[in-house]
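The structure appears right after this line, and notes come after that.
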2 protein chains.
Amino acid sequence: MPKRADLSDTLCPVGRSAELLGDRAVLLILRELLFGRRRFELIAANTGLGPQLVSARLKMLVAEGIVERRAYSERPLRHDYWLTDKGKALFDVLYAMRNWSERWAYEPGETGDGPAIRYVHRTCGADVGTAKICPGCGAELGYGDLKGEPSPALKAEQVARTA
Amino acid sequence: MPKRADLSDTLCPVGRSAELLGDRAVLLILRELLFGRRRFELIAANTGLGPQLVSARLKMLVAEGIVERRAYSERPLRHDYWLTDKGKALFDVLYAMRNWSERWAYEPGETGDGPAIRYVHRTCGADVGTAKICPGCGAELGYGDLKGEPSPALKAEQVARTA
DNA sequence: CTTGTCACTATGATTATCATAGTTACTATC
DNA sequence: GATAGTAACTATGATAATCATAGTGACAAG
């Protein structure tokens, strides 16, 4: 690869976010952070990415103001990673990706009989399916509004990765 | 790069679409297709990607059932590229990316005084801003529902790229 | 004082990407 | 009828990002 072309100065909004999100490692790390997994080793294990890549991407995300690095222990000194408001706002993008996958990316029956992850609206309890607005109460769905329940098969996969 | 790790068999819906969308070239090509630019040379020029990359990604997108290759002329034989329903459904993801960018990815005043692209709901005429549901009529917004008007600055950039 | 934990850094092989140039199959112009 | 143009690609070589594996530093626990 030559130095990859830089699109961060394009005025096109899709091009600008493509520079950030058009990267498997970034998307997977954001998934972990949105799921509330904040520790380096957990992120590395769940994504299957090497520590060097995780380190490089987290540094970049901190520099972009999407992630914040915090000390959660002084002795020994240990850090973890938190999404900023700018980072939390990326929930909408990942949720759209999830919705597309649930509809288009699985063979029939591949996830059992339900979706790979069942999402429930915290405030009203409705199963949101793959909707953009809550079918129970009509509210828009954003960061923190949903509670996800992975299917048994997906849960087994996640356990296998961290073991 | 070693062979990139394959996530296409993960059961996680974000992981599965990350395999597809976690790629700058794919996102940029999808942007062009969603904007109705279907010809190879136009896509290459507007994205700034080399023809080899465009060719490889379009082949992959055809194999994934996201894009369809059609002959638009017999003599000389010429082809262009159309989104399938599976491809059109990716509008939601790119629209979420656009919304995030409009809110978080620009310095104040960088796009003039409005957004980089102003979107209007075709059926009711309302300016949708960065909403997920139309603020005019309350309808959900999907592929084909919006008419985009790039800001003068963005338009100038697009003209410069194709010249 | 050895083993374990966590957040990383270092090294080398592999390969995707970019820039540039060339190819094929026609049509249009001089 | 030879040259130039157009559209959709393919070929080639240099570069650098990625992966696998191993190692480091600072501390805690047994």
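Letters A, B, ... are given to chains in the order of the sequence lines, protein chains preceding strands, and every chain is numbered from 1. Just so it is clear, the model here is predicted, and its values are computed rather than measured.
The stretch residues 38-48 of chain B participates, sequence neighbours left out, in no salt bridge (charged side-chain N to carboxylate O under 4.0 Å, His left out) pair at all.
Using bins of under 30°, 30° to 60° and over 60° for the plane-to-plane angle, the ring pair B:Phe40/B:Tyr81 lands in the tilted bin.
Between A:Glu19 atom CD and C:dT17 atom C1' the separation is 14 Å, expressed in whole Å. Following rounding to the nearest Å, B:Ile43 (CD1) and D:dC9 (C1') show an atom-to-atom distance of 13 Å. Protein atom CG of B:Leu49 is 17 Å distant from nucleotide atom C1' of D:dT10, rounded to whole Å. In this structure, B:Asp23 places its CG atom 11 Å from P of D:dT18, rounding to the nearest Å. Here D:dA16 presents its P atom at 15 Å from CZ of B:Arg24, a figure rounded to the nearest Å. In this structure, B:Leu58 places its CG atom 14 Å from C1' of D:dA7, rounding to the nearest Å. Rounded to whole Å, atom P of D:dA8 lies 13 Å from atom CG of B:Asn46. Summarising the geometry, the separation between CG on A:Leu53 and C1' on D:dA16 is reported as 13 Å, rounded to the nearest angstrom.
Considering only side-chain N and O atoms, A:Arg69 lies under 4.0 angstrom from the phosphate OP1 or OP2 of C:dC8. Between B:Arg70 and D:dA8, a side-chain N or O to OP1/OP2 separation shorter than 4.0 Å is absent. For B:Ser55 and D:dA8, the shortest distance from a side-chain N or O to OP1 or OP2 is not below 4.0 Å. One finds a side-chain N or O of A:Tyr81 lying less than 4.0 angstrom from the OP1 or OP2 phosphate oxygen of C:dC8. Remark: B:Lys59 is in phosphate contact with D:dT10, judged by side-chain N or O atoms under 4.0 Å from OP1 or OP2. For C:dA7, one of the phosphate oxygens OP1 or OP2 lies less than 4.0 angstrom from a side-chain nitrogen or oxygen of A:Tyr72.
A salt bridge links B:Asp92 with A:Lys132: the distance from a Lys NZ or Arg NE/NH1/NH2 to an Asp or Glu carboxylate oxygen falls below 4.0 Å. One finds no salt bridge joining A:Arg69 and A:Asp80 here, because no Lys/Arg side-chain nitrogen approaches an Asp/Glu carboxylate oxygen to under 4.0 Å.
Under 3.5 Å, the side chains of B:Glu157 and A:Thr10 contain a donor-acceptor pair of N or O atoms.
Positionally, the nearest nucleotide of DNA chain D for B:Leu42 lies more toward the 5' end than for the other of B:Leu42 and A:Ala25.
By the side-chain hydrogen bond (donor to acceptor under 3.5 Å, both in side chains) test, B:Arg118 is found to be paired with B:Asp127, residues two or more places apart in sequence or in another chain being considered. For B:Arg70, the salt bridge (charged side-chain N to carboxylate O under 4.0 Å, His left out) criterion is met by B:Glu68, not counting sequence neighbours.
Between B:Leu27 and B:Asp23, the closest side-chain pair of non-hydrogen atoms is not below 4.5 Å.
Cluster partners of B:Val120 are absent, since no Ile, Leu, Val, Met, Phe, Trp or Tyr has side-chain heavy atoms less than 4.5 Å from it.
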Protein proximity profile, nucleotides 20-26 of chain C - base contact B, sugar-phosphate-only contact S, no contact -, cut-off 4.0 Å on heavy atoms: -----BS
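If you check residues 33-41 of chain B against DNA chain D, the residues with a heavy atom closer than 4.0 Å are B:Arg39, B:Phe40, B:Glu41, listed by number.
Annotation for B:Pro150 and B:Lys155: closest pair O-CE, 3.8 Å, computed over non-hydrogen atoms.
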